[in-house]
Amino acid sequence: MAGSGKSLPVPKTLLDKIIFAIRAQPPNSNPNGASRASIVKYLHSEFGVDAKSKPAPVKNAFKKGVEKGKLIQTGQSFRVAEDPIPEAPKVAKLKVEDLKVGDGATAEEGDTVVMKYEGKLDDGTRFDSSSNFEFTLGAGEVIKGWDQGITGMKVGGKRKLFVPSHLGYGKRGAAPEIPPNADLHFTVKLKEIR
């Protein structure tokens, strides 16, 4: 343990080394644990275990760990049975608020829609707007948040959309107006379906 003056005991068996390797992985939100590949890589770099030229002992140690109930396997990932399961991160969801429900036809996937919109960042900075923006709904021509948030809208309707980053431009952003990982706020009006 860091700062305690005590060093961790050196694992002796291959299974103990696998458990050590799993616990040494950077904390992540994967409730399934560490991947077999990352464990094998750690075993090689820290303990000199060569799983490429001699894969059987490592494979058997994984199997033995699962059979004894020391490891839990999900696909190609493993976690230590007695360790707590990490909590999955909360992923922001698309939020749709109808400001006015239209009285015209309902927009469905495959429809060509004409929108009036304004887009803003979290700080209120307007990054885009249009009076006649046309696209095919559900065809991937726009960000996912729009494909999902406009579906079901009626002509004449007006909505507010909160589009989390992963349904917008994600890690890459859309320079220079939209920075990486930006959540987006839109006010949209469905003018017509063509």
Side-chain angles (χ1 to χ4, degrees), residues 1-95 109 119 121-123 125 127 138-149 161-186:
M1 297 267 196
S4 67
K6 296 180 184 178
S7 60
L8 293 173
V10 177
K12 295 187 182 343
T13 70
L14 192 48
L15 178 55
D16 289 340
K17 290 176 183 177
I18 289 171
I19 291 170
F20 190 93
I22 292 169
R23 289 179 172 157
Q25 299 298 311
N28 63 28
S29 58
N30 183 355
N32 297 329
S35 70
R36 181 187 300 263
S38 67
I39 296 166
V40 167
K41 186 176 178 181
Y42 186 90
L43 291 173
H44 180 71
S45 69
E46 297 300 316
F47 300 114
V49 175
D50 185 7
K52 289 187 180 185
S53 65
K54 297 179 183 176
V58 175
K59 185 177 177 182
N60 290 337
F62 275 114
K63 185 177 176 183
K64 184 177 165 185
V66 171
E67 288 171 355
K68 285 185 165 188
K70 290 189 173 195
L71 299 177
I72 295 175
Q73 180 178 5
T74 306
Q76 291 298 309
S77 293
F78 295 84
R79 67 180 183 85
V80 180
E82 63 191 37
D83 290 352
I85 299 172
E87 206 173 297
K90 299 203 183 328
V91 177
K93 295 183 179 180
L94 173 71
K95 292 178 188 160
E109 200 168 297
L121 300 173
D122 278 335
D123 67 3
T125 303
F127 62 83
E141 296 174 359
V142 292
I143 59 174
K144 290 178 184 178
W146 266 50
D147 272 338
Q148 295 173 17
L161 301 178
F162 166 75
V163 179
S165 173
H166 69 279
L167 295 176
Y169 295 95
K171 293 177 185 175
R172 73 182 187 282
E177 296 87 6
I178 302 170
N181 301 310
D183 294 331
L184 308 173
H185 304 266
F186 292 95

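These numbers come from the heavy atoms of this one structure, side chains and all, not from hydrogens, waters or symmetry mates.
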Sorted by chain and number, sequence neighbours left out, side chain to side chain contact (heavy atoms under 4.5 Å, CB included) with Ala174 holds for Tyr169, Ile178
For [X] against [Y], the heavy-atom pair lying closest together:
{"X": "Ala51", "Y": "Val58", "result": "CB-CG2, 3.8 Å"}
{"X": "Ser38", "Y": "Ala34", "result": "OG-CB, 3.8 Å"}
{"X": "Leu15", "Y": "Ala61", "result": "CD1-O, 3.7 Å"}
{"X": "Ala21", "Y": "Tyr42", "result": "CB-CD2, 3.3 Å"}
{"X": "Phe62", "Y": "Val40", "result": "CE1-CG2, 4.3 Å"}
{"X": "Leu167", "Y": "Ile143", "result": "O-CB, 3.6 Å"}

Side chains of [X] and [Y], heavy atoms from C-beta outward: is any pair under 4.5 Å?
{"X": "Pro179", "Y": "Leu121", "result": "yes"}
{"X": "Leu184", "Y": "Phe127", "result": "yes"}
{"X": "Asn181", "Y": "Lys171", "result": "yes"}

Does atom NE2 of His166 have more than 12 heavy-atom neighbours from other groups under 6.0 Å away? yes
Q. CD of Glu177: more than 12 outside heavy atoms within 6.0 angstrom?
A. yes
Point to revise | Main-chain N/O of Phe162 paired with His185 side-chain donor or acceptor, under 3.5 Å | key: no
Original post:
Any donor-acceptor pair under 3.5 Å linking the side chain of Asp183 with the backbone of Pro164?
Top reply: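 Answer holds: no.
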* Step by step, would you call Asp83 with Ile22 a side-chain contact (heavy atoms from CB on, under 4.5 Å)? -> CA-CA 10 Å; Asp83 290 352; Ile22 292 169; 5.5 Å; no
To the nearest 0.5 Å, atom NE2 of His44 lies from atom CD of Glu46 at 11.0 Å
Output for pair (Phe20 CZ, Phe47 CZ), nearest 0.5 Å, gives 5.0 Å
Residue pair Ile72, Val66: steps toward the side-chain contact (heavy atoms from CB on, under 4.5 Å) verdict | CA-CA 6 Å; Ile72 295 175; Val66 171; over 6 Å; no
Contacts satisfying side chain to side chain donor-acceptor pair (under 3.5 Å) that involve residues 56-82 (not counting sequence neighbours) are Arg23-Glu82, Arg36-Gln76
- Task: For the pair Phe78 and Ile18, evaluate side-chain contact (heavy atoms from CB on, under 4.5 Å) and give the outcome as yes or no after the intermediate values.
- Result: CA-CA 9 Å; Phe78 295 84; Ile18 289 171; 5.9 Å; no
